[in-house]
Student: 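Mind looking over this structure? Questions follow.
Within every chain, numbering begins at 1; the chains are lettered A, B, ... in the order of the sequence lines, protein sequences first and strands thereafter. Just so we're clear, the structure is a prediction, and the values are computed from it rather than from any experiment.
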Amino acid sequence: MSKTNKKFLYVNRKAPHGSIYALEAIEVVLIGAAFEQQVSLAFLDDGVYQIARGQNTKQIGTKNFANIFKALGDYDVRTMYVEKESLAERGLDVSDLMEITHDTDDAEDLPSIQLVDRAEMARIMADQDVILSY
Amino acid sequence: MKFGIVVNEGPYTHQASDTAWNFTRAALEAGHEIVRVFFYHDGVNNATRLTVPPQDDRNIQKNWSELGEKHGLDMIVCIAAAQRRGILDADEAKRQGKDSDNIAPGFRISGLGQLIDAGIVADRLVTFGD
């Protein structure tokens, strides 16, 4: 396994259901966790719906994988950037999102979601080594 | 430069696979290294040898297989994405109790770890398709 430590950003731009991209993206995040890279996630455009509260897929017969995001702290995913403008454009605010936390060596239940504006998101992207966008 | 290539779209519906193939060919001709070509999402459909395009059209699967053979490319099809979409090699077909396999020459089935590894090893990971 490669030992280099790189910054990986997974960019989630699509709604959780209606296409398979969100589900297959989270599969990459889970597998990628074993590689001990610096991983963060970004949610923009309809991707913000992936971490919306109260998802229920019963009537469309697809897998509800929303809770996987809550478990990502255990995979050392500590940062989830959410674009402010994408939320606002959809009439959402942070109270519509799930509470997602992570633990560090020093503290427990730290919030993983960080609201950033569009310009800041661009800077975050520019700072990455590898971007996988779905 | 070392490139990793990610193909996220199947053949024909979108241009992504053609563009990825042209990019890969051009990069190799320019003396760059291709560390891996990784097929994900509907991109796994590029790896079936059962496609029969019209004779006056390009054969995208054959293009990949021939390029792979010529340059010894590591062309990986994601196993999870492939199983969902019915792309199987002989071992998987046997393991899953299916009556045939369909993977084309030059492709091999492996895990998503190969995508992450390509991101780590390559100087640039270039994605084609959504």
Side-chain angles (χ1 to χ4, degrees), chain A residues 1-47 49-50 57 61-63 65 68 72 75-77 124-134, chain B residues 1-10 13-14 16-17 19-20 23 32-47 74 76-87 92 108-130:
Chain A
M1 195 176 287
S2 320
K3 284 189 180 145
T4 318
N5 193 272
K6 284 190 172 180
K7 289 182 186 171
F8 276 69
L9 179 70
Y10 296 91
V11 180
N12 299 291
R13 311 187 76 128
K14 294 185 173 71
H17 306 289
S19 76
I20 201 169
Y21 292 104
L23 175 63
E24 289 193 332
I26 200 82
E27 288 181 351
V28 183
V29 176
L30 293 173
I31 298 289
F35 286 74
E36 296 180 350
Q37 306 294 302
Q38 298 173 56
V39 173
S40 48
L41 271 57
F43 297 87
L44 52 151
D45 301 339
D46 278 348
Y49 288 117
Q50 292 183 26
T57 60
T62 56
K63 191 163 157 181
F65 54 91
I68 297 177
L72 287 182
Y75 292 82
D76 280 334
V77 177
I124 289 162
M125 288 182 178
D127 188 44
Q128 304 298 315
D129 296 307
V130 180
I131 294 180
L132 290 162
S133 181
Y134 299 104
Chain B
M1 188 175 279
K2 290 182 185 175
F3 286 105
I5 306 294
V6 185
V7 183
N8 286 340
E9 288 283 0
T13 308
H14 298 280
S17 181
T19 309
F23 180 94
H32 297 293
E33 184 185 342
I34 302 292
V35 297
R36 184 164 298 132
V37 185
F38 192 88
F39 296 85
Y40 196 41
H41 299 303
D42 279 356
V44 301
N45 290 316
N46 291 288
D74 188 20
I76 304 263
V77 181
C78 168
I79 186 164
Q83 286 183 339
R84 282 190 179 108
R85 294 165 176 87
I87 306 295
E92 273 305 300
R108 68 186 174 98
I109 290 180
S110 187
L112 280 167
Q114 300 286 339
L115 169 60
I116 307 296
D117 182 71
I120 295 169
V121 174
D123 300 312
R124 293 283 187 279
L125 189 67
V126 186
T127 301
F128 295 86
D130 276 346

Student: Checking Tyr134(A) against chain B: side chain, backbone, both or neither under 4.5 Å from a heavy atom?
Tutor: side chain
Student: Do the two ring centres, one from Phe128(B) and one from His14(B), sit under 6.0 Å apart?
Tutor: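 No.
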Student: Side chain, backbone, both or neither: which part of Leu30(A) has an atom under 4.5 Å from a heavy atom of chain B?
Tutor: neither
Student: Passes salt bridge (charged side-chain N to carboxylate O under 4.0 Å, His left out), Glu27(A) versus Arg84(B)? Steps please.
Tutor: CA-CA 13 Å; Glu27(A) 288 181 351; Arg84(B) 282 190 179 108; 2.7 Å; yes
Student: Kindly say whether the aromatic ring centers of Phe35(A) and Phe8(A) come within a distance under 6.0 Å.
Tutor: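 Not close enough - the centres of the two rings lie 6.0 Å or further apart.
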Student: So what's closer than 4.5 Å to chain A heavy atoms on Ala81(B): side chain, backbone, both or neither?
Tutor: both
Student: Hey, could you give me the OG1/CD1 distance between Thr127(B) and Ile5(B), rounded to the nearest 0.5 Å?
Tutor: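 If we round to the nearest 0.5 Å, Thr127(B):OG1 and Ile5(B):CD1 are 9.0 Å apart.
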